[in-house]
Amino acid sequence: MLVLLAGIFLLHIAGVILLLVATIDNAWWITDSMSTDVWARWLLSPSGVWNLTDLPQHSSYPHEYLQAVQASSVLACIFSILGLFVFVAQLFTLAKGQRFTFSGIFQLLACLCIMIAASIYTDIFHKNESSGWYGHCFILAWISFAFTFISCIIYFVLRKKTA
């Protein structure tokens with residue numbers, strides 16, 4: 001059981017790290033001379049220096065949807081980190097049948113939040129752009145969705161096994 005708990009802890013840590021990198025780093029959409037995330041845009045100058053600029057304020061970047069992506073990404077990070085602290089605290093405080101319920105709920109919320117953020121970004125932004133591709137942060141957001149979903153399921157299954 002100790003090896004299983006250590007594996008779950010490492011999966012949870014990996015999910016938190018992926019969520020943080022996907023939220024903070026600057027590569028949700030990339031072209032040869034631009035890198036865009038949910039916070040700002042980096043443009044490559046002719047001298048080869050990357051310059052930080054604000055995201056455009058026109059119809060291809062609806063501000064309300066951008067705020068929804070930002071808020072959902074941050075909430076996913078918060079819920080996943082809270083779930084990790086709750087997981088550690090539950091190991092020592094709760095009875096066997098109730099141990100992993102709250103951790104599973106926090107992971108489920110984190111899973112839903114990052115799925116909402118990535119889905120909105122996919123549906124609303126860069127639909128009509130022919131040049132460019134989704135960057136590593138966008139891909140990490142979907143991978144962290146899978147990690148948080150798997151750990152959520154594991155928490156709920158473990159709750160049933162220990163009951």
Side-chain angles (χ1 to χ4, degrees), residues 6-89 100 102-156:
I8 293 168
F9 183 76
L10 291 176
L11 177 67
H12 201 130
I13 291 287
V16 168
I17 290 170
L18 290 177
L19 281 170
L20 289 171
V21 170
T23 302
I24 295 170
D25 203 9
N26 61 344
W28 280 61
W29 182 261
I30 299 173
T31 65
D32 292 331
S33 62
M34 176 194 67
S35 180
T36 303
D37 64 2
V38 295
W39 308 104
R41 175 176 279 182
W42 292 84
L43 297 173
L44 184 62
S45 67
S47 63
V49 177
W50 288 94
N51 296 318
L52 178 67
T53 60
D54 290 332
L55 290 172
Q57 298 292 328
H58 51 75
S59 62
S60 71
Y61 268 83
H63 196 63
E64 301 83 20
Y65 289 111
L66 184 62
Q67 286 181 339
V69 172
Q70 291 170 342
S72 297
S73 297
V74 169
L75 280 173
C77 293
I78 290 170
F79 285 139
S80 190
I81 291 169
L82 282 175
L84 184 63
F85 287 127
V86 168
F87 168 69
V88 172
F100 304 113
F102 295 117
S103 299
I105 289 170
F106 278 122
Q107 282 298 93
L108 180 62
L109 290 172
C111 170
L112 292 175
C113 284
I114 198 63
M115 181 192 66
I116 289 168
S119 297
I120 290 173
Y121 196 85
T122 303
D123 185 46
I124 301 299
F125 301 101
H126 311 292
K127 285 194 301 190
N128 299 324
E129 293 185 29
S130 59
S131 65
W133 54 92
Y134 290 108
H136 68 272
C137 291
F138 179 80
I139 295 165
L140 288 178
W142 282 111
I143 293 171
S144 65
F145 162 73
F147 276 25
T148 54
F149 183 71
I150 290 168
S151 66
C152 167
I153 297 299
I154 290 172
Y155 283 135
F156 287 132

Undergrad: Would you name the heavy atoms of F156 and G104 that are closest together and state the gap between them?
TA: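 Scanning both residues, the minimum pair turns out to be CZ-C, 3.6 Å.
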Undergrad: Measuring only between side-chain heavy atoms, which start at C-beta, is F87 closer than 4.5 Å to F100?
TA: yes
Undergrad: For F149, look at atom CZ and say whether over 12 heavy atoms of other residues, nucleotides or ligands are found less than 6.0 Å away.
TA: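 Not more than 12 within 6.0 Å, no.
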Undergrad: Mind listing the closest non-hydrogen atom pair of M34 and L43 along with its distance?
TA: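 Closest approach of M34 to L43: CG-CD2, 3.8 Å.
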Undergrad: Find out whether F125 and L55 are in side-chain contact, i.e. whether some heavy atom of one side chain is under 4.5 Å from a heavy atom of the other.
TA: no
Undergrad: Let me see the working for F79 and L112 under side chain to side chain contact (heavy atoms under 4.5 Å, CB included), right down to the final yes or no.
TA: CA-CA 10 Å; F79 285 139; L112 292 175; over 6 Å; no
Undergrad: Taking all heavy atoms of I30 and all of A27, pick out the closest pair and write down the distance.
TA: CD1-CB, 3.8 Å
Undergrad: Mind checking the CG-OG1 spacing from L109 to T148? Nearest 0.5 Å is all I need.
TA: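 Result: 10.5 Å between the selected atoms.
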Undergrad: What pairs meet the side chain to side chain donor-acceptor pair (under 3.5 Å) rule with one or both residues in residues 19-29, with sequence neighbours excluded?
TA: D25-H136, W29-E129
Undergrad: side-chain hydrogen bond (donor to acceptor under 3.5 Å, both in side chains) with Y121: which residues, sequence neighbours excluded?
TA: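 side-chain hydrogen bond (donor to acceptor under 3.5 Å, both in side chains) list for Y121, sorted by chain: H126.
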Undergrad: What are the two closest non-hydrogen atoms of G15 and S144, and how far apart are they?
TA: O-CB, 4.2 Å
Undergrad: Using 0.5 Å steps for rounding, measure from the CG atom of L10 to the CD1 atom of I17.
TA: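 Reported value, rounded in 0.5 Å steps: 9.5 Å.
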Undergrad: Measuring only between side-chain heavy atoms, which start at C-beta, is C77 closer than 4.5 Å to V16?
TA: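 Heavy-atom side-chain distance check fails, nothing below 4.5 Å.
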Undergrad: Taking the side chain as everything from C-beta on, heavy atoms only, tell me whether L19 gets closer than 4.5 Å to F147.
TA: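 SC-SC contact between L19 and F147 ruled out.
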Undergrad: Which pair of heavy atoms, one from A22 and one from A141, lies closest together, and at what distance?
TA: CB-N, 3.7 Å
Undergrad: Are side-chain heavy atoms of F9 and V88 found at a separation under 4.5 Å?
TA: yes
Undergrad: Measure the CG-SG distance between L108 and C113 for me, rounded to the nearest 0.5 Å.
TA: 9.5 Å
Undergrad: On a heavy-atom basis, which atom in A118 and which in F138 lie closest, and how many Å separate them?
TA: O-CE1, 3.8 Å
Undergrad: Taking side chain as C-beta onward, heavy atoms only, is Q107 less than 4.5 Å from S80?
TA: yes
Undergrad: Determine, stepwise, if the pair S72 / I114 fulfils side chain to side chain contact (heavy atoms under 4.5 Å, CB included).
TA: CA-CA 6 Å; S72 297; I114 198 63; over 6 Å; no
Undergrad: Hey, could you give me the CG/OG distance between D32 and S131, rounded to the nearest 0.5 Å?
TA: 8.0 Å
Undergrad: Taking atom CH2 of W42 and atom OG of S33, what is their separation to the nearest 0.5 Å?
TA: 15.0 Å
Undergrad: Would you say I8 and Y155 make side-chain contact, with heavy atoms under 4.5 Å?
TA: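 A side-chain contact exists here, since the closest heavy-atom pair is under 4.5 Å.
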Undergrad: Taking only residues two or more places apart in sequence or in another chain, which ones pass side chain to side chain contact (heavy atoms under 4.5 Å, CB included) with F85?
TA: I81
Undergrad: Before you tell me yes or no, could you show the steps for F106 and I78 under side chain to side chain contact (heavy atoms under 4.5 Å, CB included), namely the whole-Å CA-CA distance, both residues' side-chain angles and the distance that decides it to 0.1 Å?
TA: CA-CA 9 Å; F106 278 122; I78 290 170; over 6 Å; no
Undergrad: Any chance you could measure C137, atom SG, to I143, atom CD1, to the nearest 0.5 Å?
TA: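 These two atoms lie 11.0 Å from each other.
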